[in-house]
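Letters go in sequence order (proteins before strands), and every chain restarts at 1.
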4 protein chains.
Amino acid sequence: MVNVGVLGATGMVGQRFIQMLDKHPEFELTTLAASSRSAGKPYGEVANWYLDCEMPESVRDMEVVETDPSAVGDVDILFSALPADVARKVEPKFAEKYIVASNASAMRMEPDVPLVIPEVNPEFLDLIEVQQRRRGWDGFIVTNPNCSTIALTLTLKPIYDAYTIKRVYVSTMQAVSGAGYNGVPSMAILDNLVPFIGGEEEKIETETLHLLGELDEGVVKPASFGVSASCHRVPVVDGHTEAVFIELDDEFDIDDVREAMDKFRGLPQKLGLHSAPEKPVVVRDEENRPQPRMDRDMDGGMAVTVGRLREDAAFKNSLRYVLVGHNTVRGAAGASILNAELINEIL
Amino acid sequence: MVNVGVLGATGMVGQRFIQMLDKHPEFELTTLAASSRSAGKPYGEVANWYLDCEMPESVRDMEVVETDPSAVGDVDILFSALPADVARKVEPKFAEKYIVASNASAMRMEPDVPLVIPEVNPEFLDLIEVQQRRRGWDGFIVTNPNCSTIALTLTLKPIYDAYTIKRVYVSTMQAVSGAGYNGVPSMAILDNLVPFIGGEEEKIETETLHLLGELDEGVVKPASFGVSASCHRVPVVDGHTEAVFIELDDEFDIDDVREAMDKFRGLPQKLGLHSAPEKPVVVRDEENRPQPRMDRDMDGGMAVTVGRLREDAAFKNSLRYVLVGHNTVRGAAGASILNAELINEIL
Amino acid sequence: MVNVGVLGATGMVGQRFIQMLDKHPEFELTTLAASSRSAGKPYGEVANWYLDCEMPESVRDMEVVETDPSAVGDVDILFSALPADVARKVEPKFAEKYIVASNASAMRMEPDVPLVIPEVNPEFLDLIEVQQRRRGWDGFIVTNPNCSTIALTLTLKPIYDAYTIKRVYVSTMQAVSGAGYNGVPSMAILDNLVPFIGGEEEKIETETLHLLGELDEGVVKPASFGVSASCHRVPVVDGHTEAVFIELDDEFDIDDVREAMDKFRGLPQKLGLHSAPEKPVVVRDEENRPQPRMDRDMDGGMAVTVGRLREDAAFKNSLRYVLVGHNTVRGAAGASILNAELINEIL
Amino acid sequence: MVNVGVLGATGMVGQRFIQMLDKHPEFELTTLAASSRSAGKPYGEVANWYLDCEMPESVRDMEVVETDPSAVGDVDILFSALPADVARKVEPKFAEKYIVASNASAMRMEPDVPLVIPEVNPEFLDLIEVQQRRRGWDGFIVTNPNCSTIALTLTLKPIYDAYTIKRVYVSTMQAVSGAGYNGVPSMAILDNLVPFIGGEEEKIETETLHLLGELDEGVVKPASFGVSASCHRVPVVDGHTEAVFIELDDEFDIDDVREAMDKFRGLPQKLGLHSAPEKPVVVRDEENRPQPRMDRDMDGGMAVTVGRLREDAAFKNSLRYVLVGHNTVRGAAGASILNAELINEIL
């Protein structure tokens, strides 16, 4: 068993880490770090548990430690659910000694930090060596993308492999859990929606191209098509929905696209990683799916569900679909854990 | 005063007609028609009033009549809130004698039936003469577009007038009232959204181009750009939100687009029609607007609110914005009433 | 294995039956009956699956039969999720030959039909003999109470056993699933609640006293205190919440009441029935629990969660609490299944 | 015109004050006070406007001042929407010189501070003289009750005047706006409800009896029956719903109770105060009303709507009903304004 810890353990994503690491076959959760306000107290006392499952017994009495490398003790991997500003300061300190599998956005675009979806670009892990060499660290940082980007990119990958993508337009309808427990006041969202999520559109537009890019002599060359995103918060608890419009350079048969998505498997599937979904992308043919409440938990929340896959007669070589992905599972904690499982398997 | 009636008076849009016609300065509501089940009874008894204002006193005791030309008596204009299949059968019969201002989709695409937004294409009313001649009717049918189309097209019109539009992608987030009172079960939409609305995408894609087209010797030639729509139902009571992505053929300054929208006025504004909003399109500069609960009632629900107007760096000559329009006011009953006010003024 | 079937298999409660019977260790689901419209077709084709888990593979291709005793074939127990009016007509016909474990309200108050919660009044099953004798049936009907009543009565039982109850006031906040998939339009409940559920208050007031009554020489003598209910529908998908006010005839220590609830076990617990929750009533001490989304799935949805247990200083010998129970699991399908498990064990 | 100001002008209730004072015929809003963070800046810049009407033009450019008696200038009445802890400190300072009409709970239970609903206990204003004498103030403080209490007490008053009340049980279903804009996270309330509102039950139980009490030689003697409250937050934007169970000492005819409520008028109605509703209590006879979204705006939000008025057969001399009142209008800002209108008229 590998000893692991969670940084930012009391927040929404921190809690998902704890839930997903409970009874994990390879990772033993031994360390929970949070702000100094919580340090020294049992987790069960300081955490306001938000998930609709019970808090695992194993963490109830675990003493929370400070978010400091000197406090975490004997662990190999630290999962980071820290806010971006805190992450930027402390993740590099942890990486001097530990493996940091981070869901924070802070370090994603550092040229020597791998931003990875295991099914999409596992080869970016080669950057670890660059990172360690350049920074003189014994540990390293590996990051996963933004929640909306992960779901989008998983569905783009089989298309990207088979065709030349020219344009992607994506309009998101994102769950409130993505903003953290206190992020969206109920007054803001009941009988309403909010057509703005700070920084989200930029992340989708940048990270997607990065993930589908190539690693060339230690440098990531982003993919060269265009991505335009419009992001909206809707009154849904969990599960991001995205309407995707794609223009290709090639002619295509929509059944071939469907098959490419359905048949798509990546390295986690080949290696049989514990958290890997059987199919990264599940295609449904009902006319009114996917729906967040119905499809967010597909394969434990680790698969993305695609529906309404159809040609777009308005434009040449164009198609459209709608996807749903669980934003705090596949889009956050589960993404970091899958990254760590891959690292644990291949490094 | 012009005597008017409402066909389909007990439904959601029928009730909006009644609310908006109450105390109307030109139209006197004298006739309420509904199914034979309700005929012969006082409206207050048969109507399950859904709006959050009180049922107007004036209709409480009004006897409902059958949806039959022989039953409606002394009226000039009939507003139709009928379902499409019923409308297709009975609207032509009413039009033999009466003016039918219809919100139903049934007759919108008939070549001699004007599909009109008064600010956009009032000249299409010239088709009335064609229609009456061809069909030998004393009355006629005039229609307004689908709720999502009206809001979209009002915002496209000032852009279309100043630039050459190449592409429009639109992703809608539509209120449940658009499906009628019983249309969307609560089980389908609480903590959820539904990425499908039957026929809606086709209507948006077809009607928008029709409205922005030209009337040439009695024939409508649709505009020639492409429109692609993805439609989604969200847990919002009233007010449709649409994320719009546009590619132009021209270079543009985003401030000019903003000004074109803000300065946009149409014939209803020039004529000072009773239900005309001061500005058909209201542009807001806050980063998190428009929102349906906050903006749907803009100018009594007759103005469309645009926000997040911004360039789209992903593609050449491209821009994006989000709009909110009230689906049962500007998108339905108010649209038909404004059509009737225009006809009453100019014919 | 006992072969079982579901009557009314396509509805909300019918689907819960199917979900809960999937992989059941004693019951083999072999028959699905629905209206003649669905008969002869595979279940996967006729059922609009509403639950947020996937439809079990085992029923996808199962051919639906008519709701007729001649059509159900080789089964021992039939679970009924029929509407009350249909149940009244057909359940007696099925009972001539089969065991009918019914969630329908139709037969609950028949003097020879046991209305049973296994933890509360298992001895009422003695009525089966009376029923068979009187009606000349080879099978019989056993019923479970209304969803709100089950949750309330499970929490009253340990109090009733230890004290003399004088008054119970209960104000419910009920989930929309209780009305069936199409029961509550979204227009009726978004940003709203509805303070009326037809027949519900009467059921709670009658059934609760019946369940806590005594079986005396084949006749149920209801408990003799008063129950007053006010029922309200709220925008929650699953899980009924009830605010309960109780006046006792005795002095009490609130800690004793807490302990009585916490320690409460019934026959299903003693017998270790498959669907029996470990504790029928789970008491939580957090000040803001129970909450429907957080607590409805307690012990697979079969336990009722109580919180805010406190003295009521306004009145002598009075206390108050709030409960949450899963209305379609413990309050419907799970209740019938637990009844059947008990019958299967003891008869 | 009387010059007035608002303390706590940027919050939810502060905004309601501004909305309701806009175009008020007697009160001229000249002063907006908020925290020092906002002081010195235009209101339109510092206020995050939450209401679904537009911010009144008249306050957009008004400079916000500090919450300090030296800063408010030439005003007669200050409406206080301050949090309780701040109110306790600063309201007495303002009262040295100004009339403070406060919605804060801080001073409500001070023996010399009138807690007043103008229709219920206007005579409590006699305490003003006691207050000024005892404290040596030129101004004074008058308070209105908690939002839930106001609605409840308005409906109890006509019953209390005609009968002897023995018991009141009330179960509330309260809107999220009652907790302020940021009070209830959307994660806490979507597909959920929260059965706890800090301090609310105590306020209802205490204030109701105080309001229905008697002023005897400068001392309030509370009414002597019992009130027991259970309070719940539900996913509704505005409008508190309350299920009320009452036991009387007398026999009654339910039609007489209905008539007493319907005929109930108070001093504000007699004096024709500007914000006084025509009827303080509106009784509806539909079986499924009142509903918050449909009834909260009754008479501009100043009337309370009662429905489901019915006998309670479970207990002797008992009745039940459900009420809806607008929590930030009649339950907060409107309550303070009506108090001020009464003072302005009679003092």
Next on the checklist: Would you say CZ of C/R60 has more than 12 non-hydrogen atoms from neighbouring residues, nucleotides or ligands within 6.0 angstrom?
Outcome noted: yes
Item to check | CA sep, side-chain torsions, deciding dist, call: B/L190, C/L190, side-chain contact (heavy atoms from CB on, under 4.5 Å) | outcome: CA-CA 8 Å; B/L190 286 174; C/L190 286 174; 3.8 Å; yes
Item to check | Proximal component of C/Y181, with respect to chain B [non-hydrogen, under 4.5 Å] | outcome: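 Contact with chain B involves both backbone and side-chain atoms of C/Y181.
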Checklist entry - With a 4.5 angstrom heavy-atom cut-off, which part of C/A175 approaches chain B: side chain, backbone, both or neither? => result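 For C/A175, no heavy atom lies under 4.5 Å from chain B.
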Checklist entry - Pick one: which of C/V236, C/N182, C/V176 meets side-chain contact (heavy atoms from CB on, under 4.5 Å) with B/S186? => result C/V176
Next on the checklist: Please report the interatomic distance CD1(B/I189) to CE(C/M187), rounded to the nearest 0.5 Å.
Outcome noted: 12.5 Å
